[in-house]
Amino acid sequence: MAGRRKIYSAREVIEYICLPDGALSDTESIPDDKIADPDFEESPEAYESDSRFDDDKPLAAIPKANLNHLDVEIHNIHADSDTEVPDDNEPQPGPAPVNKEFSWRQRKPPAADIDSSFRGPAFSPPPDEIPSPKWYFDQFMDKSVFEHISHQSNLYAVMKNGSELKTTPSEIEQFIGLHILMTVVRMPSYRMYWQMATRYDPIATVMGRKRFDNLHTYIHMNDNTNVKQKGEPGYDPLFKVRPVLEKVRANCVTGLVYDFEVYTGKGTVTNERGLRVAGEVVLRLVSEVPKGLNYKCFFDNWFTSPELIVELKKMGILTVATINRNRLRGCTLKSDKELSNAGRGAYEVKYEKTSGMSIVKWYDNKAVLLASSFIGPEPVERCRRWSKEKKEYVEVDRPHIVKVYNHNMGGVDLADMFAALYRIDIRPRRWYLRILYYLIDLSLVNGWLLYRRHLTQKQEKKYMPLLDFRVQVADALIKVGKQADLNSRKRGRPSLEDDPMSHQAAPPPTPLQRISAPSVDVRLDRCDHFPIHAEKRGRCRLCKNGYTQMACLKCKVLLCFTKDKNCFLEYHMTK
């Protein structure tokens, strides 16, 4: 009988060759039930179109903060294969090593009954009053980062061409703030923000294009005189970005992304403990997690092996993860066909006698394999699933390990998704600037998620969308502590409207627009808030009952200043 032939794409061939143990991406083993979403319920529409994320909607998709424990998730951001789960009858890529030390049983051993309650500190309580977005951003990328970049950029400019750049930490803040604002109002080329036909004043009036280009050319983060060449002792591939990278990493300990590591090629991770690259990555990323306190770690099947789960349990870190069938180390389970015949929701569990580790195979739309060092299938609950055959919701059994994995997995995916919504996409030739832009996006997303955690702790449901959060951080970086523009002349080339010889038709009158209030950081920075005479009389921004023609030069809002009340002073002194 002629054997079946299967045509592999280039991506599949690379994945089968390069991934350790012939590992498949997590998308291959997780069924269509959106296992990473804790509150997901299938619907008929799910089979008709792809869902899109919106920063105003995904609050339900974020696992709710548990104030009694902290969950740590490890994820492989490169595992994005679109290949399908192979059949039970198809050969698995690479030999499946069988560890003779593992002994699998159906009966639950005494080693599986452990106290998995979290013994570490709870999340710190939220501030009495929710701070501004700039405060949250500063928790990850604070003033010292801008001071360091300013100093190193000045040194680099002198070293490069002998002329001084003469930048300051405040100017670097504005430079970064403009980058953030450019992610909100996008143009094909960043130079278009200054061009006559596409000029955007909130960016063009802050800094001239030539100055922006100059900073972009000489921005630097480390002293090149101390760099080590490849092959020399102390060589660091990330030398040019290392100080800022480590500063943000250190601050991430109190944020939502707990730790990260930049891949710098072969040798980034070495197989020190015999767990291969995937296992070593997990152990390195949890190295800063306190041991013996029952922290919970969740990761996908690219990383999972029984040896890794046992090693983490010895460290006092408990795990739940999906696992590939070619890493079961001698654990035999029913085939997909047998579970399918038993009906949707059927499952089987095996326990490792010595460590108490459990491996559960659950059949929903497809078979799912999960492993854990502290939890099994009990208690089995009923959950609603959409049936394509019956075109209606049906009740199926769901092991408890699946529920726990659903509830806690997906944090890294969401963090990446939020960062991608408004990612800084200026592509510089120098690779280390891309890492700097990544760190800025990471600090913004971490700050926003920390802000939402504080609101959750205070039991407040309304929150600022990520887009508004980024705008307020950009506004604060651009304006807080900076001088106001004392003249109304626009920077850059004069526009056609300023040309007295222009024969163009007069533009229509500008409609009345509501002036948005400045951010709290800008309003209270006590820098260049001078009263000016406005062109038109209008309602006071603060008291709402008074009408005035006096405005703030920096805030651009109308404020009363009379014998009986001083809204101008109160607006700039109190929240």
Side-chain angles (χ1 to χ4, degrees), residues 1-6 22-37 40-44 46-48 81-93 96 98 102-109 112 300-301 304 306 320-352 357-372 375-406 409:
M1 180 181 294
R4 291 186 301 169
R5 297 181 61 191
K6 183 174 181 181
L24 304 176
S25 68
D26 196 43
T27 56
E28 297 179 68
S29 348
I30 298 180
D32 299 335
D33 56 357
K34 303 292 186 183
I35 196 168
D37 189 340
F40 180 84
E41 286 189 353
E42 291 177 303
S43 63
Y47 294 95
E48 298 174 359
S81 171
D82 294 328
T83 55
E84 297 181 359
V85 181
D87 242 20
D88 272 346
N89 298 326
E90 293 185 2
Q92 294 300 304
V98 177
F102 291 118
S103 178
W104 302 96
R105 300 287 186 272
Q106 285 187 338
R107 181 176 297 179
K108 189 175 183 179
D300 63 36
N301 57 4
T304 313
V320 178
T322 53
I323 185 171
N324 282 323
R325 59 173 62 95
N326 63 337
R327 296 186 186 177
L328 296 181
R329 305 299 188 258
C331 179
T332 58
L333 296 165
K334 293 179 180 179
S335 67
D336 293 1
K337 187 175 182 179
E338 290 178 291
L339 289 178
S340 176
N341 292 336
R344 191 174 181 181
Y347 71 91
E348 185 183 12
V349 59
K350 288 287 183 67
Y351 295 94
E352 205 283 313
M357 172 180 23
S358 64
I359 292 183
V360 177
K361 187 173 185 178
W362 178 56
Y363 193 88
D364 186 18
N365 291 320
K366 297 179 182 178
V368 182
L369 282 167
L370 299 105
S372 176
I375 197 170
E378 295 85 11
V380 178
E381 300 174 346
R382 302 283 287 176
C383 65
R384 296 177 71 224
R385 314 300 293 165
W386 177 256
S387 172
K388 291 188 291 184
E389 293 78 15
K390 297 181 178 180
K391 304 297 183 183
E392 63 181 13
Y393 287 102
V394 296
E395 296 282 334
V396 300
D397 289 337
R398 179 180 61 184
H400 190 56
I401 187 175
V402 178
K403 179 181 179 181
V404 173
Y405 184 87
N406 284 348
M409 191 63 174

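Separation of atoms OG (Ser335) and CZ (Arg325) is listed at 10.0 Å; rounding is to 0.5 Å. Here the OG1 atom belonging to Thr322 is positioned 10.0 Å from the CD1 atom belonging to Ile401, to the nearest 0.5 angstrom. Distance CG/Asn324 to CG/Asn301: 4.0 Å, rounded to 0.5 Å. Rounding to the nearest 0.5 Å gives a distance of 12.0 Å between CZ of Arg327 and CD1 of Ile359.
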Does the salt bridge (charged side-chain N to carboxylate O under 4.0 Å, His left out) test come out yes or no for Asp336 and Lys366, once each step is laid out? CA-CA 8 Å; Asp336 293 1; Lys366 297 179 182 178; over 6 Å; no
Under the side chain to side chain contact (heavy atoms under 4.5 Å, CB included) criterion, do Cys383 and Glu395 qualify, and how do the steps go? CA-CA 6 Å; Cys383 65; Glu395 296 282 334; 5.8 Å; no
May I have the step-by-step check of side chain to side chain contact (heavy atoms under 4.5 Å, CB included) for Met357 and Phe102, ending in yes or no? CA-CA 10 Å; Met357 172 180 23; Phe102 291 118; 4.1 Å; yes
Going through the distances and angles, do Leu333 and Val360 end up as a side chain to side chain contact (heavy atoms under 4.5 Å, CB included)? CA-CA 9 Å; Leu333 296 165; Val360 177; over 6 Å; no
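Glu381 is linked by a salt bridge (Lys or Arg N to Asp or Glu O under 4.0 Å) to Arg398, Lys403, counting only residues two or more places apart in sequence or in another chain. Partners of Arg105 according to the salt bridge (Lys or Arg N to Asp or Glu O under 4.0 Å) rule, which considers only residues two or more places apart in sequence or in another chain, do not exist here. Partners of Gln106 by side-chain contact (heavy atoms from CB on, under 4.5 Å), not counting sequence neighbours, listed by chain and number: Glu348, Lys350. For Glu378, the side-chain hydrogen bond (donor to acceptor under 3.5 Å, both in side chains) criterion is met by no residue, not counting sequence neighbours.
Not a single donor-acceptor pair under 3.5 Å links the side chain of Thr304 to the backbone N or O of Ala321. The backbone N or O of Ser103 sits less than 3.5 Å from a side-chain atom of Glu352, completing a donor-acceptor pair.
Of all heavy-atom pairs between Trp104 and Leu328, the closest is CZ2-O, 3.5 Å. Scanning both residues, Tyr347 and Pro377, for their nearest heavy atoms gives CE1-CB, 3.6 Å. When every heavy atom of Ser358 is checked against every heavy atom of Gly376, the shortest pair comes out as OG-CA, 3.9 Å. Residues Ala346 and Leu339 come closest through the heavy atom pair CB-O, 3.7 Å. Closest approach of Ile375 to Val320, counting heavy atoms only: CG2-CG2, 3.9 Å. Between Pro306 and Arg329, the shortest heavy-atom contact is CG-CG, 3.5 Å.
Salt-bridge annotation for Asp397 and Arg382: present, with a side-chain N of the basic residue lying under 4.0 Å from a carboxylate O of the acidic one.
Residues Arg385 and Asp364 meet the side-chain proximity criterion, which asks for heavy atoms closer than 4.5 Å. Considering only heavy atoms from C-beta on, Pro109 stays 4.5 Å or farther from Arg107 through its side chain.
A side-chain donor-acceptor contact under 3.5 Å links Asn365 and Arg344.
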